[in-house]
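A short worksheet on the structure shown next.
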Amino acid sequence: MQKWLMKNRNRLTAITGILIVLAFAAKWLFKSETAESGLLLAASLIGGFPIAASAWQALKVKVISIDLLVTLAILGAFVIQEFEESAIVAFLFLFGAYLEQRTLAKTRSAIKELVEMVPETALRQTADGDFEEVDLDDLDEGDILLVKTGGKIPVDGEVVSGSGTANEASITGESMPLGKKPGDPVYAGTILENGTIRIKAEKVGDETTFGKIIELVEEAQDSKSQAERLIDRFSKYYTPVVLLLAIIVGLISQDLELAVTILVLGCPGALVIGVPVSNVAGIGNGAKQGILFKGSEVITKFSKVDTIMFDKTGTLTYGDPRVSQVKKYGQGQLAEQLLVSVEKESAHPLAKAITGYYEDLEAKEVEASQVLQGGGIVAQVAGQQVLVGNRYLLDEYHVPVTKEMEKDMEELASAGNSLVLVAVNGQLELALGLKDEIRAGVKEDLAALKKLGVKNLFLLSGDNQKTVDLVAEELGLTEAYGQLLPEDKAEFVKKRQAAGEIVAFVGDGINDSPSLARADIGIAMGSGTDVAIETSNVVLMNGSFDRIPRALALAKATRRNMIENITIALAVVAVLLVSVLASSWMNMAIGMFVHEGSILVVILNAMRLLAYRSKLQKSRKLIENNFSQATGPYTKGIESI
């Protein structure tokens, strides 16, 4: 019976509304009070039954719910034969629940839009080289798939042939299409805007980056913040208090209608729904922009952050350095070949820069390698021990450094280079200087963070102190610390937390995982690696630095919206209760109308977050539009060629 009522609740709401309209028609058009009373009685019963059933289900688990208050109000109206009010109260409560359900579904539109971006089928290559259409569930890692112009990419993988441009907005929040050629990665849920490519599947189904995004957003929207848990506890005790107040007022005044009206007006519906709908809308907005908040509690805490710490490489800089200088000692040419052999085994940005610089050198086979966290790599290549890393690594292996070498390192560091030192069999052979450009717009974004209330901006890096100081000076950071191991960074985070600061740490989610985990809010930059998603509280699917002030502005707007909803809900309940006790114009039907109206007000207020854009976003969008208009004819001319 309960299932039937839940399934047909909307139909019962419509029938109740129709009966009320017919009752008023019978009264005003046909002057039949008997028909009016009969129709209102039927409306009260049809509308009240699903409400009473919900109240009974709640009582079975020892919960005094809002449905119980409304059920008692309807029964009370029956007793005093106010069928008009009992019918209207039942209809307004059911209709309010219907509108609440519809508007809540709209706030979850981010999830719906994301899910719809995943195709149901894919074109998979068969043994004879043809392609057949198969269900997404039938795909396996290693399958070769064909994606044509306008098609949705079904898996995470790598382009093996063909070329085109892909819109990765569903992953990164960035609408500008990216060129794709053999060797480039592609992601499930993105769209191939033009071209034809064949891709090799690397991750399928829920294991794709897109699948994890959907899972994260769903979990985040279903989680409860501290404020929500507090309101849940408040409602648990508040509802019985309203029931008790109605009984006391009824006994003292001997006015059953007044007591029943208090039951209706005291319902804390807007208070219960106001906070979660704000959080759901805020999380949905973030998901559309490639900003993943891992829960409503994260939003609340992030909005209060006053200290942000940054890694350097790949965070404040592009993470795409170039070799600027090479100092050679002894057997430099052999050392360079051994260096290339080691670095071809690594995916680190510095390793890519080095292998690109020495692209003509042939690599030898690496027999064994070990990563020393915060130091570098220790490897065996062609029977020789090779150390590739920083000064800490050399000290750990007691590699001697002459005054000349010290001077060279000083000069490279003073010029703003990151140092990569190479030792072979216990002797320093190479000192490479690599430079990494600061991201465009970072200075403006840091200024935006300060305007949003962030007091301290720290740079924590494993790079040499002079390079770190140059970056900090250029960007106007509060302080900068270099030559730090991952555990040193985590310890620094702990120290600032002990001083009472609320700390966010921004890193790549791999080397900085201890700091991301230790900080009050860990923010992972990049394209959503497994480590980033698991370790951090906020994942920025796009590497753009401007997502950080956007995320903070959205978190603050969400928290502000939540406070507004709480204020609206409490104010409405207070005004209604005072009005019913101190005035003669307030009655049950008017009170119920205002009560349901307040629920819609807080939902509509929260829905503003779905379209929220920070001032920073608006100014950037204006610049992009102006640039697009200015370059449009030129771009079209290029495309026509």
Side-chain angles (χ1 to χ4, degrees), residues 158 182-185 311-315 317-397 399 401 405 408-409 412-413 415-437 461-464 467 483 485-486 507-512 526-527 529 531 543:
E158 181 180 294
D184 288 343
D311 178 38
K312 183 176 76 69
T313 305
T315 302
T317 64
Y318 283 109
D320 186 23
R322 298 286 186 271
V323 176
S324 63
Q325 282 183 277
V326 179
K327 301 288 184 180
K328 300 180 182 181
Y329 314 102
Q331 48 181 347
Q333 189 171 359
L334 174 61
E336 287 174 325
Q337 189 174 25
L338 296 174
L339 168 64
V340 171
S341 304
V342 173
E343 295 292 31
K344 280 196 172 178
E345 301 282 315
S346 173
H348 193 279
L350 296 182
K352 291 182 180 179
I354 291 169
T355 55
Y357 183 77
Y358 291 113
E359 60 183 354
D360 295 330
L361 286 182
E362 185 179 348
K364 294 178 178 289
E365 183 180 352
V366 177
E367 296 156 6
S369 67
Q370 177 185 358
V371 176
L372 182 64
Q373 194 174 39
I377 300 174
V378 183
Q380 285 290 128
V381 184
Q384 303 192 67
Q385 183 195 59
V386 184
L387 307 180
V388 181
N390 55 23
R391 184 60 184 272
Y392 170 74
L393 181 64
L394 298 189
D395 292 341
E396 283 290 300
Y397 281 81
V399 176
V401 177
M405 295 171 179
D408 288 342
M409 292 182 202
L412 290 171
N417 289 288
S418 297
L419 291 178
V420 173
L421 306 174
V422 182
V424 179
N425 296 328
Q427 296 297 318
L428 181 60
E429 301 291 348
L430 296 171
L432 289 80
L434 294 92
K435 280 190 175 180
D436 187 8
E437 290 185 22
S461 176
D463 215 335
N464 66 80
T467 300
Q483 296 174 307
L485 299 173
D508 60 15
I510 301 172
N511 295 329
D512 296 311
S527 58
T529 62
V531 178

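Numbers here simply count residues along the sequence, with the first being 1.
- Of the possible donor and acceptor atoms, one in the side chain of Lys435 sits under 3.5 Å from a partner among the backbone N and O of Ala415.
- Listed by chain and number, the residues in a side chain to side chain contact (heavy atoms under 4.5 Å, CB included) with Glu396 are Leu372, Tyr392 (sequence neighbours excluded).
- Note: Leu421 CG to Leu428 CG = 6.0 Å, rounded to the nearest 0.5 Å.
- Here the CD atom belonging to Glu429 is positioned 9.0 Å from the CG atom belonging to Leu338, to the nearest 0.5 angstrom.
- In terms of modelled atom types and a separation under 3.5 Å, the side chain of Glu367 and the main chain of Gly383 share a donor-acceptor contact.
- With hydrogens and angles ignored, the 3.5 Å screen pairs a side-chain donor or acceptor of Thr467 with a backbone N or O of Asn417.
- Heavy atoms only, all atoms of each residue included: Val323 and Ala353 are closest at CG2-O, 4.0 Å.
- By the 4.5 Å heavy-atom criterion applied to side chains, Leu434 and Tyr357 are not counted as neighbours.
- Remark: Glu365 CD to Gln380 CD distance equals 12.5 Å, nearest 0.5 Å.
- Considering only heavy atoms from C-beta on, Leu394 comes within 4.5 Å of Val401 through its side chain.
- Taking every heavy atom of both residues into account, Val424 and Ala335 meet most closely at CG2-CB, 4.1 Å.
- Contact record, Ala382 with Lys364: CB-CD, 3.9 Å, taken as the closest heavy-atom pair.
- A side-chain contact (heavy atoms from CB on, under 4.5 Å) with Ile354 is found for exactly one of Val342, Leu339, Val388, Val326, namely Leu339.
- Closest heavy-atom contact between Thr315 and Gly507: OG1-CA, 3.9 Å.
- Going from atom CG of Leu419 over to atom CE of Met409 covers 7.0 Å, rounded to the nearest 0.5 Å.
- Across all non-hydrogen atoms, the minimal contact from Leu412 to Gln325 is CD2-OE1, 3.4 Å.
- The two residues Val399 and Gly426 come nearest to each other via the heavy atoms CG1-O, 3.6 Å.
- Rounded to the nearest 0.5 angstrom, Leu430 CG and Lys328 NZ are separated by 7.5 Å.
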query = Should Leu432 and Val422 be marked as a side-chain contact (heavy atoms from CB on, under 4.5 Å) after you check the CA-CA gap, both sets of side-chain angles, and the distance that decides it?
reply = CA-CA 8 Å; Leu432 289 80; Val422 182; 4.2 Å; yes

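- Between the side chain of Glu343 and the backbone N or O of Lys352 there is no donor-acceptor pair closer than 3.5 Å.
- In terms of modelled atom types and a separation under 3.5 Å, the side chain of Thr317 and the main chain of Lys312 share a donor-acceptor contact.
- Between Leu334 and Gln384 there is a side-chain heavy-atom pair separated by less than 4.5 Å.
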